[in-house]
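This one's a predicted model, so the numbers in the text were calculated from it and none came from an experiment.
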Amino acid sequence: MTDAIKKVIELRAPIDRVWRAISDSNEFSQWFQADFESPFVAGSRSYATMNSQSCGRVRWFIEVVAVEAPNRLVFRWQPSADDPTLDYSSEPMTTVEFTLRPTDTGTEVTIVESGFDALIDPARRAAAFAGNTKGWAFQADNLVRYFDEN
């Protein structure tokens, strides 16, 4: 599969608590290692700056598509837009969807990023897919660690 990345994790926390970590831009900033400048509101754009050593201080944005408490957050972004000397604005965006589902022991979080096949340049598509596959593994681990520590 080259069009979508999917990660599923289980957190030992109630869905309302997990929803807050996903939908509140301040909490999202903590585990995602980015500094978001505004709340996540459907139909709005929220700018962020990465604050991890591996990504540097790249500034980027998400376009928030849906905030449906307590189950679903959807946004669009430019995948792997990490070179500040390049203009990615003419490229199609990918869609990231967080879906939360209560379980007997906590909350299942499914993260899907889709739309890579719309990237026309094959080398850019492959690089974005590979980079974001690695990135979502890293972010899923960050989210698990966030709940282990808090």
Between [X] and [Y], do the side chains contain an N or O donor and an N or O acceptor separated by less than 3.5 Å?
X    : Y    : result
N142 : Q139 : yes
W136 : E113 : yes
S80  : N132 : yes
S46  : E37  : no

Which label fits W77 and F32: parallel for a plane angle under 30°, tilted from 30 to 60°, or perpendicular past 60°?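 Rings of W77 and F32: tilted, as their planes differ by 30° to 60°.
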
Students often mix this up, so state it plainly: with edges at 30° and 60°, are the rings of F61 and Y47 parallel, tilted or perpendicular?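 Rings of F61 and Y47: tilted, as their planes differ by 30° to 60°.
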
Gap between atom [atom2] of [Y] and atom [atom1] of [X] - 0.5 Å precision:
X    : Y    : atom1 : atom2 : result
Q78  : D87  : CD    : CG    : 8.5 Å
F40  : S23  : CZ    : OG    : 8.5 Å
R125 : T94  : CZ    : OG1   : 13.5 Å
N71  : T110 : CG    : OG1   : 11.0 Å
R45  : E63  : CZ    : CD    : 4.5 Å

Please report the closest heavy-atom contact between A66 and A42, naming both atoms and the distance.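 Of all heavy-atom pairs spanning A66 and A42, the closest is CA-CB, 4.2 Å.
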
Would you say [Y] ends up clustered with [X] if hydrophobic residues are merged whenever their side chains have heavy atoms under 4.5 Å apart, either directly or through other cluster members?
X    : Y    : result
F36  : V64  : yes
F147 : V109 : yes
I5   : V144 : yes
V67  : M93  : no
W60  : V65  : no

Compare all side-chain heavy atoms of [X] with those of [Y] and state whether any distance is below 4.5 angstrom.
X    : Y    : answer
Q30  : Y146 : yes
D141 : L143 : no
E10  : T105 : yes

Residue pair D3, F129: steps toward the side-chain contact (heavy atoms from CB on, under 4.5 Å) verdict: CA-CA 8 Å; D3 189 55; F129 187 83; over 6 Å; no

Please output the side-chain donor-acceptor pairs of residues 114-121 that fall under 3.5 Å, not counting sequence neighbours, one pair per line with the distance.
from: D117; atom 1: OD1; to: T2; atom 2: OG1; distance (Å): 3.0
from: D121; atom 1: OD1; to: A123; atom 2: N; distance (Å): 3.0
from: D121; atom 1: OD1; to: R124; atom 2: N; distance (Å): 2.6

Exceeds 12 heavy-atom contacts within 6.0 angstrom, atom CZ of R12: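 Check fails, neighbour count at 12 or below.
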
Can I get a per-line list of side-chain donor-acceptor pairs under 3.5 Å for residues 95-102, giving both atom names and the distance, sequence neighbours left out?
from: E97; atom 1: OE2; to: R72; atom 2: NE; distance (Å): 2.6
from: R101; atom 1: NE; to: E108; atom 2: OE1; distance (Å): 3.3
from: R101; atom 1: NH2; to: E108; atom 2: OE2; distance (Å): 3.3

